[in-house]
Colleague: 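Structure provided below as structure tokens; questions to follow.
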Amino acid sequence: MNLRPLVPIALVAASSIGAAPPQAAIHLNQLGFLPDGAKRAIVAAASTTPLRWTARDARGGVVASGKTLLIGDDAASGDHVHLVDLARLTAPGTYRLSVAGETSRPFVVGADLYAPLAAAALHYFYQTRAGIAIEPRYAGDPRWARPAGHAEEIAPCFSGADERGMRWAGCDYRLDVTGGWYDAGDHGKYVVNGGIALWTLQNLYEREARAGRFPFADGRGNLPESGNGVDDLLDEARWEMRFLLAMQIPDGARATVPVGASGGAGARAFRTIDAGGMAHQKVADRRWTALPTRPADDREDRLLYPPTTAATLNLAATAAQCARIWRTIDPGFSATCLAAARRAYAAAQRQPQVYATSSFTGSGGYGDDDVSDEFYWAAAELYATTREPVFATALQHSPSHAAPVHAPDWGHVAALGTITLATVAGVPASAAIPARAGLIAAADGLLAEEARSGYRIPYATLDYPWGSNAVILNRAMILGVAQRLTGATRYRDGMVDAMDYVLGRNPLDQSYVSGFGARPLTNPHHRFWAHQLDATLPGPPPGVVSGGPNSTAMADPIAAKMKGSCAPQRCWTDDIRAYALNEVAINWNAPLLWVASALDEPRERLLRRH
């Protein structure tokens, strides 16, 4: 077991926010570099010929020098860029880089850089729990403590008119859906987005357990459950899993759902279905709450919104994953999860085209009218857990079976099933081998994109969507899986490049993670971490990642002012009002946690396994 002590959460926040002046021309990871990893800096300079660079140690001695690699004009950033390869700096220490008269702020080379970040990224999920008080002794600092929000949440179904004037009949039951994680900056709790976030945490546990490595062993996560004999990563995952289980509809219940395509957006009529075993899409407020609003001060009606096939399959997939993880740790909980997964999968087969409607205000829609990837994901998880032929057959007939692998997001989850087939012990070779080949091919494609990117990240398109940082981190996760499958260090170096971008190697010289780096995130769009609007409220705890630049869905007034005037990687500002740019979310923090934990494992250990 890996029981290396982690830096206390409160100390990370205090020690890593430096007051160093920004250096706009030299961009590098503000956390530093691992001795055994890639070390690259990007220099924005107009020169059309290579520039001489020098690296000096803390005493001023020259330890490395050379010439930049000229990359040239970069449309994503609007910069003319050069690359500096600092691979020769392997000795732990503090350094500065000088290029063409500019000198960087000090940076470190050292081991264990990512352990505090991984710990903080996991603790984000505790900080965003619903239904429980966030206590000072667990919060890391009294500023982040708060009373329980939405305690004893026993919710009815939405009834009455939606924003298009359609009248919903509601249902004849209520569900106790206390707990779970708040989704983002608001107080909604969503099964669809909760599904990919939960899967990522559970998959991280499976990854680490396969390696015999337990960085979040019991007591190391500073959680209320610490000391119960269970890995703290699993304790946090179970908090959300229980919520997803609670969102499942009782057998025999009927539900009203819209008739119509495109996620029900154009529906003008209803149909009544057998909804037993399905999952409600979300529990959320009837109307949007103001910014800021403490969770305990939310006075809006809390309502269950109609079930969807996508939510039901998210439950089936994560509950099947839960069942195999907990099989020997807590057999009773494992059995509960597997029974729920079977019920959900069967319900989705009965009702394969029940889509979300965007006609409710007060919460996000998460509409998705192609659930073939959710069926594939759920079948993959059930097959990996049960080895039953019926699920193997479902996989064979899925359109995702032979399709290229793409990095996942909440609406495109096929890759999650492919990762499970490729990595879970005991999956037959007939399923595992093609899954592994697909993931390695996808990783190679991401490295090819990196070679075309000015800032050398595994993302070459000029469209930066809402949550672009999570897109890049999920791509880093694919690279991390490929590294585990092959032992090739180029995939790990690609992970480093993605994290370098998130932690400061970007044209804004911005660390998008709170509490880490010289210029960290400070004002996320959030109803409680809202110090920018209310001095009595805190800023974010450390380890919270911003959604990042958004050049495609500039919905809020702050973002709208930038439209047409910013290069894609520059369409961002650290402002609480900029929800399209600077919101935070569980499905964005989950890959941050996954990648930080993967990078915390020394490369020599990885190579020994191959």
Side-chain angles (χ1 to χ4, degrees), residues 7 12-13 15-18 20 22-24 26-35 37-44 77 83-84 86 89 94-95 97 104-122 124 450 453-459 464 467-477 479-480 492-522 524 540-549 569-570 572 574 582 584 588-600:
V7 176
V12 171
S15 64
S16 61
I17 303 177
Q23 296 288 344
I26 301 175
H27 306 288
L28 42 74
N29 186 325
Q30 294 170 16
L31 196 60
F33 298 108
L34 296 168
K39 304 173 190 67
R40 299 182 179 112
I42 295 294
V43 180
S77 64
L83 182 146
V84 177
L86 298 166
L89 301 184
T94 301
Y95 302 91
L97 172 65
S104 72
R105 61 175 67 88
F107 63 90
V108 301
V109 173
D112 302 335
L113 288 178
Y114 286 100
L117 176 57
L122 173 59
Y124 159 88
E450 179 173 302
S453 163
Y455 272 75
R456 290 302 191 255
I457 59 174
Y459 189 74
Y464 274 63
S468 64
N469 281 341
V471 173
I472 292 166
L473 289 167
N474 276 315
R475 288 175 166 225
M477 184 172 68
L479 292 167
R492 187 170 187 259
D493 288 347
M495 272 201 297
V496 170
D497 285 320
M499 192 67 90
D500 283 353
Y501 170 86
V502 170
L503 290 168
R505 199 183 79 195
N506 54 65
L508 298 179
D509 192 42
Q510 176 70 47
S511 169
Y512 291 111
V513 181
S514 60
F516 289 86
R519 302 186 66 221
L521 168 71
T522 57
V544 181
V545 66
S546 166
Q569 289 180 354
R570 293 181 179 273
W572 184 85
D574 192 1
N582 206 29
V584 298
W588 300 344
N589 242 77
L592 175 69
L593 165 61
W594 197 103
V595 176
S597 186
L599 290 177
D600 184 45

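For the numbers below, each heavy atom of this structure counts, side chains included, while hydrogens, waters and symmetry mates do not. Residue indices begin at 1 and follow the sequence shown. Keep in mind the model is a prediction, meaning the values are calculated, not measured.
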Colleague: Let's go through E450 and D493 carefully: what are the C-alpha distance in whole Å and the side-chain angles of both, what is the deciding distance for side chain to side chain contact (heavy atoms under 4.5 Å, CB included) to 0.1 Å, and is it a yes or a no?
Modeller: CA-CA 11 Å; E450 179 173 302; D493 288 347; over 6 Å; no
Colleague: According to the interplanar angle, ranging from 0 to 90°, do the rings of Y455 and H27 count as parallel (below 30°), tilted (30 to 60°) or perpendicular (above 60°)?
Modeller: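 Tilted: the ring planes of Y455 and H27 meet at 30° to 60°.
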Colleague: For the OG1 atom of T522 and the CG atom of D574, what is their distance to the nearest 0.5 Å?
Modeller: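 Separation between the atoms: 3.5 Å.
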Colleague: Nearest heavy-atom pair of R456 and D497: which atoms, and what distance?
Modeller: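 Reported closest heavy-atom pair: O-CB, 3.3 Å.
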Colleague: Is the shortest heavy-atom distance from the side chain of Q30 to the side chain of D509 under 4.5 Å?
Modeller: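 Q30 vs D509: side chains touch.
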Colleague: Kindly indicate whether the side chain of V584, heavy atoms from C-beta on, has any atom under 4.5 Å from the side chain of N589.
Modeller: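 No, too far: nothing below the 4.5 Å cut-off.
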Colleague: Between the main-chain N or O of L473 and the side-chain N or O of N469, is there a donor-acceptor pair closer than 3.5 Å?
Modeller: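 No.
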Colleague: Is any side-chain heavy atom of V496 closer than 4.5 Å to one of L599?
Modeller: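 Yes, at least one pair of side-chain atoms sits under 4.5 Å.
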Colleague: Determine the minimum heavy-atom distance between A118 and S597, stating which atoms define it.
Modeller: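 Shortest heavy-atom separation between A118 and S597 comes out as CB-N, 3.9 Å.
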Colleague: Taking the side chain from S511 and the backbone from G504, do they hold a donor-acceptor pair closer than 3.5 Å?
Modeller: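 Between the backbone of G504 and the side chain of S511 there is no qualifying donor-acceptor contact (under 3.5 Å).
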Colleague: Taking all heavy atoms of G543 and all of A120, pick out the closest pair and write down the distance.
Modeller: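 Closest pair (atom of G543, atom of A120, distance): CA-CB, 3.7 Å.
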Colleague: Start with the C-alpha gap between L521 and N582, add the side-chain angles, then the distance that decides, and say whether side chain to side chain contact (heavy atoms under 4.5 Å, CB included) holds.
Modeller: CA-CA 9 Å; L521 168 71; N582 206 29; 3.2 Å; yes
Colleague: I want to check something: taking the side chain as every heavy atom from C-beta on, are Y95 and L86 in contact at a cut-off of under 4.5 Å?
Modeller: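 With C-beta onward as the side chain, the pair stays apart.
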Colleague: Step by step, work out the side chain to side chain contact (heavy atoms under 4.5 Å, CB included) result for L89 and F33.
Modeller: CA-CA 9 Å; L89 301 184; F33 298 108; over 6 Å; no
Colleague: Report yes if the side chains of M499 and L117 come closer than 4.5 Å at any heavy-atom pair, otherwise no.
Modeller: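 Yes - at least one pair of side-chain heavy atoms lies under 4.5 Å apart.
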Colleague: Would you confirm whether N474, through its side chain, and A470, through its main-chain N or O, come within 3.5 Å as a donor-acceptor pair?
Modeller: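 Pair found, side chain donor or acceptor close to backbone of A470.
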Colleague: Identify the heavy atoms of S514 and P540 that sit nearest to each other, and give their distance.
Modeller: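 For S514 versus P540, the nearest heavy atoms are CB-CG, 3.7 Å.
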Colleague: Would you give the length of the straight line joining atom CZ of R475 to atom CD1 of I457, rounded to the nearest 0.5 angstrom?
Modeller: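 One finds 9.0 Å between CZ of R475 and CD1 of I457.
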Colleague: Nearest 0.5 angstrom please: L97 CG to R105 CZ, how far?
Modeller: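 It is 12.0 Å, given to the nearest 0.5 Å.
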Colleague: Is there a side-chain contact between L34 and Y114 (heavy atoms, below 4.5 Å)?
Modeller: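 The answer is yes; the side chains approach within 4.5 Å.
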Colleague: Side chain of S468, backbone of P549: donor and acceptor closer than 3.5 Å?
Modeller: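 Yes.
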Colleague: Could you tell me which non-hydrogen atom of L28 sits nearest to which non-hydrogen atom of R40, and how far apart they are?
Modeller: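 Reported closest heavy-atom pair: CB-O, 4.4 Å.
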Colleague: Classify the angle between the aromatic ring planes of Y512 and W572 as parallel (below 30°), tilted (30 to 60°) or perpendicular (above 60°).
Modeller: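 Taking W572 first and then Y512, their aromatic rings stand perpendicular (interplane angle over 60°).
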Colleague: So, for Q569 and P507, which heavy atoms are closest and what is the spacing to 0.1 Å?
Modeller: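 In this case the closest contact between Q569 and P507 is OE1-CD, 3.2 Å.
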Colleague: Taking the six-membered ring for Trp, are Y501 and Y464 parallel (under 30°), tilted (30 to 60°) or perpendicular (over 60°)?
Modeller: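 Y501 vs Y464 ring planes: tilted.
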Colleague: Can you check whether A41's main-chain N or O pairs, donor with acceptor, with R505's side chain at less than 3.5 Å?
Modeller: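 No; judged by distance alone, with no hydrogens or angles, the pair does not exist.
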Colleague: Would you check if F516 and P542 make a side-chain contact, meaning some heavy-atom pair closer than 4.5 Å?
Modeller: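 Side-chain contact under 4.5 Å: yes.
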Colleague: Heavy atoms, side chains only, cut-off 4.5 Å: are V513 and V544 in contact?
Modeller: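 The answer is no; the side chains never approach within 4.5 Å.
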